[in-house]
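Only one structure is covered here, and it is reproduced in the block below.
The structure displayed is predicted, hence computed values, not measured ones. A, B, ... follow the sequence lines: proteins, then strands. Residue 1 opens every chain.
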Amino acid sequence: MNNVGNFSNMTEGYRHQVKLPAGELTVYAAQQLFSSLDYKVFEMANNNLQIPDISYMGYTPDVHVGVGTCIGTTVVWEAQSGYVSPSIVGSDIGCGMRVHLTNLHKDDLKDLKLRRKLVKAIEKVLPMEASQRGHFSDIRLEHIVKKGLHGLPKKYIPDSYTPKKSTSLTHVESSKFTYDENVLNLVPDMTWHRSHRQLGTLGGGNHFAEIQAIEIAEENREVAEAWGLYDGQIAVMIHSGSRAWGGYVSQTSSTAIAKVMQRLGLGTSDPRLVFAPLEHAEGRHYVNMMYSALNYAVVNRHLIAYAIREAFRDVFGSKCEFRTLYDLMHNYAWEESHAERGSVFVHRKGATRALPAGHQDNPKPYMATGHPALIPGSMGTASFIMVGQPEGSDNYYSICHGAGRVRSRTATKRLVTVEDFATALGVGTADEIVVNQRSLESIIDESPQAYKNVDEIIDSVTGAGLAQVVAKCKPLAAVKGAK
DNA sequence: ATGTAC
């Protein structure tokens with residue numbers, strides 16, 4: 001039984017306007033996908049809609065249950081009178097994707113032994129174990145959380161620092177978040193130490209670095225060419241977040257905000273859903289701390305890319321290019337300006353912003369096309385590079401952030417065998433997707449069988465008119481972090 | 001997600 005009771009919905013194509021007791025929710029999904037959604041995601045929406053003054057709440061087709069708020073959620077308040085919620089941002093603050101483009105062709109990696117050699121070379125330079133010391137002990141963490149990429153020593157910026165050109169390794173729009181740095185005084189020494197040690201590490205769960213081959217979508221060949229993509233090109237995709245730093249921010253802020261809620265008499269049916277007025281001291285404190293975690297996350301991905309670049313140069317020589325395509329988060333909240341809606345505070349939890357051509361918030365190099373929206377698939381399946389469409393404004397330009405889980409990690413471990421997983425990766429064939437982990441057993445909860453079919457998710461996003469595919473990225477090798 | 005939890 002569901003606790004939401006009867007709710008009605010109006011469906012128009014891929015858009016479902018759902019009327020819940022506490023308010024309205026828009027879901028973007030093909031009919032079949034919409035019908036198959038777990039009723040719990042609607043219960044969760046109904047809890048979230050009990051937070052006062054929400055202007056908009058939307059779900060992307062990969063939506064699934066999370067703590068307090070579903071992954072795949074966009075929630076918007078007016079910037080003047082809004083709320084901020086650590087539960088809606090999610091615990092891995094600043095988690096996101098990064099893509100680098102090489103000048104290699106997939107034929108260069110045809111040889112299975114060479115793919116294995118490349119993965120070994122990556123393992124050599126990339127810190128793997130959470131407990132292992134990072135390789136970046138000369139970096140000042142204080143500079144990183146304060147200045148983002150601008151806090152890195154020059155040696156970690158191998159390409160010339162030219163923000164106007166998309167070819168720079170540092171050119172990402174979220175290179176620096178500014179905030180009241182006094183909040184950092186409260187961070188315990190233990191968190192500083194641990195976070196410093198973890199710089200440049202992938203972390204666990206669904207985080208990965210993948211070597212992929214690009215396949216251009218014919219209908220967007222012009223956009224692909226403008227971005228420097230071509231068929232068969234080798235790209236590197238990275239998925240990681242803010243590690244222990246973001247974990248600390250999330251945990252302590254949630255506890256503090258829960259106390260504020262008690263004092264203010266705020267709450268919903270779910271005690272794990274915490275939120276505070278943006279103007280409240282504790283709300284502001286969280287926003288400041290969240291921004292420090294966004295700086296951490298983008299630098300973390302940058303350093304992972306830096307290490308992998310070294311491995312590529314080790315195997316393919318110093319002429320191997322490794323330019324940044326983009327770096328894009330899918331767990332955060334910030335202020336945005338939207339036409340006719342003015343200044344709004346947008347939360348995205350497992351939701352990727354995809355701006356269309358001409359939107360003023362595009363960084364200059366992507367103004368004419370829209371910026372690349374980076375969407376990971378599950379292990380062994382394709383990932384996607386997309387571009388936003390004007391119709392996306394209805395969902396505040398949020399699109400999916402991946403395939404979306406269909407079963408929990410524990411259920412996956414129970415139901416999926418190592419053999420199934422190995423088959424999905426093509427183990428034993430010449431096309432095997434090489435994985436760094438010695439035993440697949442240890443990462444079986446990340447097998448494709450744990451996820452929805454990413455192609456169906458992408459079909460829903462394109463069908464709803466939110467974004468289009470520019471390139472499909474097929475995995476050749478994957479590096480997963482270890483627990 | 002997180003050197004994990006009443």
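- Rounded to an integer number of Å, the gap from CH2 of A:W245 to C1' of B:dT2 is 15 Å.
- With salt bridges taken as basic N to acidic carboxylate O contacts below 4.0 Å, none links A:R284 and A:D180.
- Atoms CG (A:D445) and P (B:dT2) sit 12 Å apart, rounded to a whole Å.
- Looking at residues two or more places apart in sequence or on another chain, you find a side-chain contact (heavy atoms from CB on, under 4.5 Å) between A:A351 and A:T74, A:R348, A:S398.
- Only one option out of A:Y326, A:W227, A:Y366 pairs with A:H371 in a ring-ring contact (aromatic ring centres under 6.0 Å, His included); it is A:Y326.
- Rounded to an integer number of Å, the gap from CZ of A:R243 to C1' of B:dT2 is 8 Å.
- Counting to the nearest Å, the C1' atom of B:dT4 and the CE atom of A:M190 are 14 Å from each other.
- For A:S36, the side-chain contact (heavy atoms from CB on, under 4.5 Å) partners at least two apart in sequence or on another chain are A:L33.
- Between A:N300 atom CG and B:dT2 atom C1' there is a gap of 14 Å when expressed in whole angstrom units.
- To the nearest angstrom, P of B:dT2 lies 18 Å from CZ of A:R272.
- Atom NE2 in A:H207 sits roughly 6 Å away from atom P in B:dT2 (whole-Å rounding).
- Nucleotides of DNA chain B nearest to A:Q251 and A:R405 differ in position, and the one nearer the 5' end is that of A:R405.
- The interatomic distance linking A:Y248 (OH) with B:dT4 (P) rounds to 16 Å, in whole Å.
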